[in-house]
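To start, the structure itself, in structure tokens.
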Amino acid sequence: MRGLSFEEVFALLAAVQLSGANLVQLQQWLACIAHPAECIALIEAAAAGRPCPHCGGARKHRCGQASGLQRFRCLACRRSHNALTGTPLARLRKKECWLSYLLCVLESRTVRDAARVVGVDPTTSFRWRHRFVPGAMRERPTTLNAVVEADETYLLESRKGSRKLTRPARKRGGVAKRRGINGEHDCLLVARDRSGQTLDFHTGRGAVTAAQLRHCLEPVLPADALLISDGALAYRRFAADAGITHEWVNVKGGERARGAIHVQNVNGWHSRFKSWLVRFRGVASPYLIHYSGWQRLLDARRLTTPAHLLCAAARRRKTVELPN
Ligand SMILES: [Zn+2]
């Protein structure tokens, strides 16, 4: 069959009665095809002036193009690289769909939904989610300020998607076998300062320990921080050991606040996270930190466009150690 010209397609389209759903589909398709050059330009701009990811060398020359990106050869180590080498996005295909996909990330769409909107396979959608989200969520504060609330929330461990289940499967929305917090629960520790800066840590299974608190919190608390928690012994122990000023609220005893001493900001974050999570119908434990990082990005409202997310994800993970 002879291919149709644009004029013919346009005439056909103009003659069709478009439903609301048709219009949405068309708009999404247009958004998708409008982006390829923009996406490449953003990636190249994010990487401009970067040294060689293999050896840190600054001198390089251009050597052709691959997958739409400029390729460089390093004059020091002779190896080649492009703007995405060494980032979580290296070797992912279909760049023309990335910005539309990132819009789905901002809209918190499920894997299947995003696959349908962008026109990729669900396995691609899944792979992209777990590259783009961890890439972008590295955008996080290095230290918190002054008054810091810390509290953990627990989620029943999940092996969603696992092919090697070593226990009987739970029904959807299952319950733990034993009461209380135990090895069946994943612990998500969240620390939030009063300016809204937030950090999240998946500390593993079971109740958080003083050693885990020290590992996660000590590097991010300033020396003059005031740490506020509930009455759990682990916080008191950690604060005493690390020499951090600490106040605690007897939440279990019904105390909510003593003036400015409360953990309501961090608890608010927990409840927003849990209600946001409902749409995904459970997340597998190994990916829990991706979801909390995702929610942290959305909640902070700093990266608000697909381009912001792309630039954050295209940033390189490690700085290269320079040879002496
Ligand atoms: Zn090099």
Side-chain angles (χ1 to χ4, degrees), residues 32 34-106 118 120-121 123-143 199-202 215-216 218-220 286-287 289-290 292-294 296-297 300 302-324:
C32 190
H35 284 314
E38 189 188 344
C39 182
I40 298 279
L42 284 166
I43 296 167
E44 299 279 23
R50 267 184 201 160
C52 165
H54 306 295
C55 75
R59 296 180 62 217
K60 54 194 173 183
H61 63 76
R62 290 165 181 270
C63 72
Q65 297 234 332
S67 316
L69 292 173
Q70 177 66 50
R71 221 152 61 113
F72 297 97
R73 187 173 294 282
C74 169
L75 291 177
C77 72
R78 310 298 301 163
R79 295 173 70 187
S80 65
H81 63 270
N82 67 27
L84 291 177
T85 306
T87 78
L89 311 186
R91 288 189 287 279
L92 293 185
R93 291 162 192 275
K94 295 191 179 173
K95 293 184 186 63
E96 66 277 13
C97 300
W98 287 9
L99 288 171
S100 322
Y101 189 79
L102 287 166
L103 185 60
C104 295
V105 170
L106 287 173
V118 178
V120 295
D121 196 76
T123 55
T124 304
S125 175
F126 180 85
R127 187 178 323 115
W128 285 7
R129 167 182 291 179
H130 293 293
R131 297 281 195 94
F132 283 116
V133 169
M137 75 191 214
R138 289 171 302 158
E139 174 94 9
R140 59 193 261 139
T142 47
T143 49
L199 287 170
D200 51 328
F201 310 88
H202 181 192
H215 175 75
C216 299
E218 201 173 16
V220 299
Y287 296 122
I289 197 68
H290 290 185
S292 64
W294 185 358
R296 179 166 48 71
L297 286 178
R302 282 196 57 234
L303 307 177
T304 52
T305 66
H308 289 162
L309 281 184
L310 179 63
C311 293
R315 227 159 269 155
R316 211 160 267 160
R317 191 177 294 267
K318 293 176 204 139
T319 46
V320 182
E321 286 189 22
L322 297 172
N324 291 320

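All ligand and atom numbering here is 1-based and tracks the order in the structure.
- A side-chain donor-acceptor contact under 3.5 Å links Thr85 and Asn82.
- His61 and Phe72 have their aromatic ring centers separated by at least 6.0 angstrom.
- Residues meeting the side-chain hydrogen bond (donor to acceptor under 3.5 Å, both in side chains) test with Ser125, sequence neighbours left out: Tyr101.
- Seen from the ring of Phe201, Arg296 does not count as a face-on cation partner, given the 6.0 Å and 45° thresholds.
- Taking every heavy atom of both residues into account, Cys311 and Leu42 meet most closely at SG-CD2, 4.3 Å.
- With no hydrogens or angles considered, no side-chain donor-acceptor pair links Gln65 and Arg71 at under 3.5 Å.
- Of all protein N, O or S atoms, those under 2.8 Å from the Zn ion (ligand 1) number 4.
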